[in-house]
Amino acid sequence: VQLQASGGGLVQAGGSLRVSCAASGRDFSTYAMVWFRQSLRKEREFVAAISWSGGGTYYADSVKGRFTISRDQAKNTMHLQMNGLKLEDTAVYYCAALEDGFRFSPHLSLLEYDFWGQGTQVTVSS
């Protein structure tokens, strides 16, 4: 079972980037999927979440209105479209899966997540 994050890179402030998370080894269509990020000397923080159906989404205040989370059930993938990127968005972005989506909360312990991807670096330059 694996979550593979990809799509990170270097982008100028104000630009856009899309990161993706591909799931393999099992069907994640019934899992809530979540993006986190972690920058240097900071704790991993919640970014965005999407319900198993894709009908429910939730964003951290810091990215609301700029980032859009989506999922493609047929391809077992999740995406995070990031627009209007800021310097403070620089971080390693991680995807995670939560089998019981009803337990989701932006404050849920990281230990509660069932699967994690390895992370993809997003660097925003001035």
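For this chain, numbers begin at 1 and follow the sequence in order.
Annotation for Gln73 and Ser53: closest pair NE2-CA, 4.2 Å, computed over non-hydrogen atoms. Summarising the geometry of Ala91 relative to Tyr93, their closest heavy-atom pair is O-CD1, 3.4 Å, with the distance given to 0.1 Å. Of all non-hydrogen atoms in Thr120 and Gly7, the two that sit nearest each other are OG1-N, 4.0 Å. Residues Val124 and Gln12 come closest through the heavy atom pair CG1-C, 4.0 Å.
Criterion: ILVMFWY side-chain heavy atoms under 4.5 Å apart, direct or through other members. Under it, Val92 and Leu10 are not part of a common hydrophobic cluster. In the hydrophobic cluster analysis, where Ile, Leu, Val, Met, Phe, Trp and Tyr join through side-chain heavy atoms closer than 4.5 angstrom, Leu108 is grouped apart from Val47.
At least one donor-acceptor pair closer than 3.5 Å links the side chain of Ser51 to the backbone N or O of Gly56. Side-chain N or O atoms of Asp114 include one that pairs as donor or acceptor with a backbone N or O of Glu99 at under 3.5 Å.
At least one side-chain heavy atom of Ser126 sits under 4.5 Å from a side-chain heavy atom of Leu87. Contact annotation: the side chain of Arg71 approaches that of Met33 to within less than 4.5 Å [non-hydrogen atoms, C-beta and beyond]. Inter-residue side-chain proximity for Phe115 and Phe28 is flagged as met; some heavy-atom pair is nearer than 4.5 Å. Considering only heavy atoms from C-beta on, Met78 stays 4.5 Å or farther from Leu3 through its side chain.
For Phe36, the ring-ring contact (aromatic ring centres under 6.0 Å, His included) test picks out Tyr113, Trp116, with sequence neighbours left out.
In this model, a donor atom of one side chain and an acceptor atom of the other lie less than 3.5 Å apart for Ser16 and Asn83. Side-chain contact, Arg26 with Tyr31: a donor N or O sits under 3.5 Å from an acceptor N or O. Between the side chains of Ser20 and His79, a donor-acceptor pair is found at a separation under 3.5 Å.
Put simply, CG on Leu17 and CD on Gln81 are 8.0 Å apart, with the number rounded to the nearest 0.5 Å. Expressed to the nearest 0.5 Å, how far CD of Glu88 lies from OG of Ser39 amounts to 10.0 Å. One distance of note links CZ of Phe67 with OG1 of Thr57; it measures 14.0 Å at 0.5 Å rounding. To the nearest 0.5 Å, atoms CH2 (Trp35) and CD1 (Ile69) are separated by 8.0 Å. Rounding to the nearest 0.5 Å places OG1 of Thr90 at 8.5 Å from CG of Leu85. Remark: Gln4 CD to Cys21 SG distance equals 8.5 Å, nearest 0.5 Å.
Counted within 6.0 Å of CD on Glu43, heavy atoms from surrounding residues, nucleotides or ligands total 12 or fewer; the atom is thus considered open.
Taking a cutoff of 4.0 Å between a charged side-chain nitrogen and a carboxylate oxygen, Asp61 and Lys64 qualify as a salt bridge.
None of Asp89, Leu80, Val19, Val122 except one satisfies the side chain to side chain contact (heavy atoms under 4.5 Å, CB included) rule with Arg37; the exception is Asp89.
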Audit row: Gln118, Gln2, side-chain contact (heavy atoms from CB on, under 4.5 Å) steps and yes/no: CA-CA 9 Å; Gln118 87 291 358; Gln2 187 177 15; 6.0 Å; no

Verdict with supporting geometry, Arg103 and Glu112, side-chain contact (heavy atoms from CB on, under 4.5 Å): CA-CA 9 Å; Arg103 294 193 295 121; Glu112 297 292 328; 2.8 Å; yes

Test log, rule side-chain contact (heavy atoms from CB on, under 4.5 Å), inputs Tyr58 and Phe46: CA-CA 10 Å; Tyr58 193 90; Phe46 165 77; 3.5 Å; yes

